[in-house]
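Notes follow the structure.
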Amino acid sequence: MAIIRNFEEKDIGAIIEIARRSLNTDYDPRFYISIHEIWPSGFLVAEENGRIVGFIAGVMPHESEARVLMMGVKRHFRRRGIGRALMNAFINNCALRGAKRAYLEVRVSNTAAIEFYRALGFSAGARYPSYYDDGEDALIMWKSL
Ligand SMILES: CC(C)(COP(=O)(O)OP(=O)(O)OC[C@H]1O[C@@H](n2cnc3c(N)ncnc32)[C@H](O)[C@@H]1OP(=O)(O)O)[C@@H](O)C(=O)NCCC(=O)NCCS
């Protein structure tokens, strides 16, 4: 059973590995430190038997609005409710801080993530053409809190 807790600096190596494998991104450790500094309660990890198996990181760009920047769960730990637990904990922290809605961008080809966000009550909004570096469009998804 995974527990959800706040990110700590010692988790960076595991987060970089999950981001690399699940999201195909390779950010410098300083990127994770900086988003953690912006809002510590918006950066959560799922830990199972002492190992980091997933994470979510977001910010509140406006006092009533939260934005999910990244989330990922290790492949072998998917479809066990860990993503849902991470998102629920994140949304709870957003609501405690006064957010009225949460939003995120997702690649239009990422049907698994789109289905996941729909299952958690997110609705599809606008489509941003060529949002990603490789030219792929992003779908904006949002949820009222
Ligand atoms: C998206 C992601 C975080 C979901 O994590 P997860 O731990 O597997 O999700 P959960 O087990 O909590 O799933 C909750 C519900 O979402 C839906 N869902 C999750 N994955 C799904 C999939 N691949 N296809 C269809 N529906 C899915 C289901 O309704 C699921 O409930 P169920 O298992 O009872 O049917 C995970 O697939 C992942 O890390 N993907 C790669 C990284 C990524 O795409 N991140 C998002 C970028 S914007």
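Just follow the structure's listing: the first ligand is 1, and inside any ligand the first atom is 1. In this chain, residues are counted from 1 in sequence order. From a predicted model like this one, the values you see are computed outputs, not experimental measurements.
The single protein non-hydrogen atom nearest to atom 29 (O) of ligand 1 is A119 CB, 3.4 Å, given as residue, atom name and distance. From the protein, the heavy atom lying nearest to atom 39 (O) of ligand 1 is V73 N, 2.8 Å. Looking only at heavy atoms of the protein, atom 11 (O) of ligand 1 is closest to G81 N, 2.8 Å. Here the heavy atom of the protein found nearest to atom 33 (O) of ligand 1 is R79 NE, 3.0 Å. Protein heavy atom closest to atom 4 (C) of ligand 1, with residue, atom name and distance, is F116 CD1, 3.6 Å. At the top of the distance list for atom 26 (N) of ligand 1, counting protein heavy atoms only, stands E115 CB, 3.5 Å.
Only side-chain heavy atoms of L23 come within less than 4.0 Å of ligand 1; its backbone N, CA, C and O stay farther off. Only side-chain heavy atoms of Y117 come within less than 4.0 Å of ligand 1; its backbone N, CA, C and O stay farther off. Residue contacts with ligand 1, taken as heavy atom pairs separated by less than 4.0 Å, do not involve M70 at all. Within the 4.0 Å heavy-atom criterion, neither part of T111 lies near ligand 1.
No side-chain N or O of S64 forms a donor-acceptor pair with one of R97 less than 3.5 Å apart. With 3.5 Å as the limit, one finds a donor-acceptor pair spanning the side chains of S109 and E136.
Residue R84 places at least one N or O, backbone or side chain, under 3.5 Å from an N or O of ligand 1. Here's the thing with M71: one of its N/O atoms is less than 3.5 angstrom from an N/O atom of ligand 1.
Note that CD1 of I33 and CD1 of I12 are 3.5 Å apart. Values are rounded to the nearest 0.5 Å.
Counting only non-hydrogen atoms, the option in R78, M87, R107, R118 that gets closest to atom 37 (O) of ligand 1 is R78.
Residue N110 approaches ligand 1 through these ligand atoms, each under 4.0 Å from one of its heavy atoms: 43 (C), 44 (O), 47 (C).
A 6.0 Å sphere centred on OH of Y132 holds more than 12 heavy atoms belonging to other residues, nucleotides or ligands.
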